[in-house]
Student: 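Encoded as structure tokens, here's the structure I'll be asking about.
Protein chains get the first letters and strands the later ones, always in sequence-line order, with residue 1 at the start of each.
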Number of protein chains: 2
Amino acid sequence: MASASVKDVAALAQVSVGTVSNVLNRPEIVAPETVERVMSAMQKLSYVRNEAARQLRLGHSQALGLITLSGGNPFFTDLATAAEDAAADAGYSVIVGNSNNLREREAGYLGLFEELRVRGVLLSPVADPARRLRQLRDRGIASVLVDRVSTDESFSSVSVDDVAGGALAASHLIDSGRTRLAFVGGPLEIRQVSDRLEGARREVEKHPGVSIEVVPVAELTVMEGRRAGEQLVQRPPAQRPDGVFAANDLVAVGLLQGLFINGRVAIPEDIALVGYDDIMFASASVVPLTSVRQPSHLIGQTGVSILLEEAEDPDLEPRHVLYQPELVVRRSSSLTATD
Amino acid sequence: MASASVKDVAALAQVSVGTVSNVLNRPEIVAPETVERVMSAMQKLSYVRNEAARQLRLGHSQALGLITLSGGNPFFTDLATAAEDAAADAGYSVIVGNSNNLREREAGYLGLFEELRVRGVLLSPVADPARRLRQLRDRGIASVLVDRVSTDESFSSVSVDDVAGGALAASHLIDSGRTRLAFVGGPLEIRQVSDRLEGARREVEKHPGVSIEVVPVAELTVMEGRRAGEQLVQRPPAQRPDGVFAANDLVAVGLLQGLFINGRVAIPEDIALVGYDDIMFASASVVPLTSVRQPSHLIGQTGVSILLEEAEDPDLEPRHVLYQPELVVRRSSSLTATD
DNA sequence: TTGAAAGCGCTAACAT
DNA sequence: ATGTTAGCGCTTTCAA
């Protein structure tokens, strides 16, 4: 059996195709009994609406595109889930792509989304994509930056104050008496990374006698964090930092392992550790991890709602939502933490 | 500027729309100079093909659907990545949905994919979906089961022998002298879980003096594994198992933590631990984890290639590919492991 | 090698 | 309240 179309349904229900379309899209304007009849015809023919045709007619699809920086990072998984839920409420679906921090991948997905005529795109960009986004806007595709502000103010954004987050982490470490800090993270081209470092630096500068060094990693992964930890353990204890701020929780978890396995470094006694993102794994790790929490859920949700409004009305003023991060203290930085 | 269409391109290049379509789809049959002219017109108008129209005309889209059981499980992330790559090579994109082990979610995605007229679907099913898949086949949508065999042989499948995997884990534990085994996993309705247990049981039965108990968990997550570990630690040491087989690596990592934190249980000395999936995190965890490796990459790749062949020719005999799992020994079960 | 034209399934404007 | 119809952008015969 080939797919039944509105025409077939109309024939069986003895109405016109227009009426069938109406029961699909505005059932309230058609007589109840007619609705009934059409519905049962659909049932009988197991009719399934053809999205392609609908989309062709409408001029755009009922889908939103989302490009995240990293598929493996639970922060983005959470964000994506929230976006999917919010979009579903509005009758949209979400197509997700991961750029893995690669420019060409990002460009590839943007191209795909353009062919698909998505209604809008939610983007956590690798580099500043203002030029490309302006092209998309010209074809009627709205976009909102997530977890990142554009240098160009003309695109809406939903992000978290990474500089404040970095400051939060550093000041917590300093308040608990640490004076030789280290920031473990990289590459610095990732804006989130450099902002967090920047925030930490500012805090350090306010406190004479406190220093901070940068321990670079190639990627924000568990393996890289572990490598950095093992490296730290090689140093004579006096030259090790006593407070470490990791650029994200994956790196922090890796550090936890590198420091433990090779060096039996006591955490938090010898080194206090603070991560970033507060992923589900943070509270579940060997030493529960102090972390800077970002409202991943809220970011996804807000991103979608702004995107949908702008898709509706392209002349809306761009908005910039900036959430504040929050410090969650656990044992990795405090012996008295309850968790 | 609204989107340019083939018509606009044709006008500018002074050719017919048919020719434009040809340079898009079979450039070899059109004169080189014409190709040139059309291409430059496309460039000038920044033409982007409208997938919806193409799809409407073709009768199906250039996309494949993939439904996984769990978005948080790296095994499925890997599988999905492999599927995307394989699909991309054939000019298809992949739309991914996570059922999270929920029947209604699975049904929802199947419905969405049907509306989208995807070319085929790759499915790691919650329950046996033969009925529904037959409907899809009737509308020309092929399907292949991944990581699971249907009771109904009429659908192709690509899976890994979970019974063999369970046997592998148990026999390794028994060979290293463990006699009181425990299987930590659940819910047993998940076929992968019950098969792994079944395999372990068979192995235990071959060895008099060896026993196995089941410690159930509600979900295959780190948190649940940790809870099970803490529970195990409550018991007097003599009543604890000396060899534990976890239904997957997330659970195993949780166990690692539960056993460590509360009980300072030595791993592998007091309890040897084996996980399943060999996710990236297994080798990077505090005590590197022995695990049963599944060729996630291969599964995704093979799944896509079978799916595409069946989409091409619906009358093909269903095929059933069964890969064998492989044991990767690390410290969590062996003091002499190099890793 | 290229052009002309039909038609995929749908929605919305207009007519009844 | 319902019917009729044009047309979205594309691919693909068929004809020239």
Student: Send over the distance from A:Arg139 CZ to D:dC8 P, rounded to a whole Å.
Tutor: 16 Å
Student: Less than 4.0 angstrom between a side-chain N/O of B:Thr34 and OP1 or OP2 of C:dT1, yes or no?
Tutor: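 It does not, given that no N or O in the side chain of B:Thr34 lies less than 4.0 Å from OP1 or OP2 of C:dT1.
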Student: To the nearest Å, how far apart are B:Glu33 CD and C:dT1 C1'?
Tutor: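 B:Glu33 atom CD is separated from C:dT1 atom C1' by 11 Å.
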Student: Take the protein atom CE of A:Met42 and the nucleotide atom P of C:dC10, then report the distance between them rounded to whole Å.
Tutor: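 So the two atoms are 9 Å apart, to the nearest Å.
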Student: For A:Glu114 and D:dG9, give me the distance from atom CD to atom P, rounded to whole Å.
Tutor: 15 Å
Student: Taking B:Asn100 for the side chain and B:Leu102 for the main chain, is one N or O donor matched with an acceptor at less than 3.5 Å?
Tutor: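 No; judged by distance alone, with no hydrogens or angles, the pair does not exist.
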Student: Do side-chain atoms of A:Asp8 reach the backbone of A:Ala4 as a donor and acceptor pair under 3.5 angstrom?
Tutor: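 Pair absent, no side-chain N/O of A:Asp8 close to backbone of A:Ala4.
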Student: When the axes are fitted on five pairs at both termini, how much does the helix from C:dT1-D:dA16 to C:dT16-D:dA1 curve, in 10° steps?
Tutor: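 Here the helix ends are tilted 30° relative to one another.
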Student: Could you state the atom-to-atom distance from CD of B:Gln55 to P of D:dC8 in whole Å?
Tutor: 19 Å
Student: Do the charged groups of A:Glu114 and A:Arg139 touch, with an N to O distance under 4.0 Å?
Tutor: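 Salt bridge flag = yes for A:Arg139 with A:Glu114.
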Student: Of all the choices, D:dG3, D:dG9, D:dT2, which nucleotide is nearest to the side chain of A:Leu56 once you look at every atom?
Tutor: D:dG9
Student: For a quick check under 3.5 Å, do A:Thr68 and A:Asn98 share a side-chain donor-acceptor pair by atom type?
Tutor: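 There is such a pair between these side chains.
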Student: Are the side chain of B:Ser156 and the backbone of B:Arg319 linked by a donor-acceptor contact shorter than 3.5 Å?
Tutor: yes
Student: Using a strict threshold of under 4.0 Å (side-chain N to carboxylate O), is an ion pair present between A:Glu106 and A:Arg103?
Tutor: no
Student: With the threshold set at 4.0 Å, does a side-chain nitrogen-carboxylate oxygen contact exist between B:Glu310 and B:Arg119?
Tutor: no
Student: Ignoring hydrogens and angles, state whether a donor on the side chain of B:Glu115 or A:Asn50 is under 3.5 Å from an acceptor on the partner side chain.
Tutor: no
Student: Would you give a per-nucleotide map of nucleotides 10-16 of chain D, 5' to 3', where B means the base has a protein non-hydrogen atom under 4.0 Å away, S means only the sugar-phosphate does, and - means neither?
Tutor: BBB----
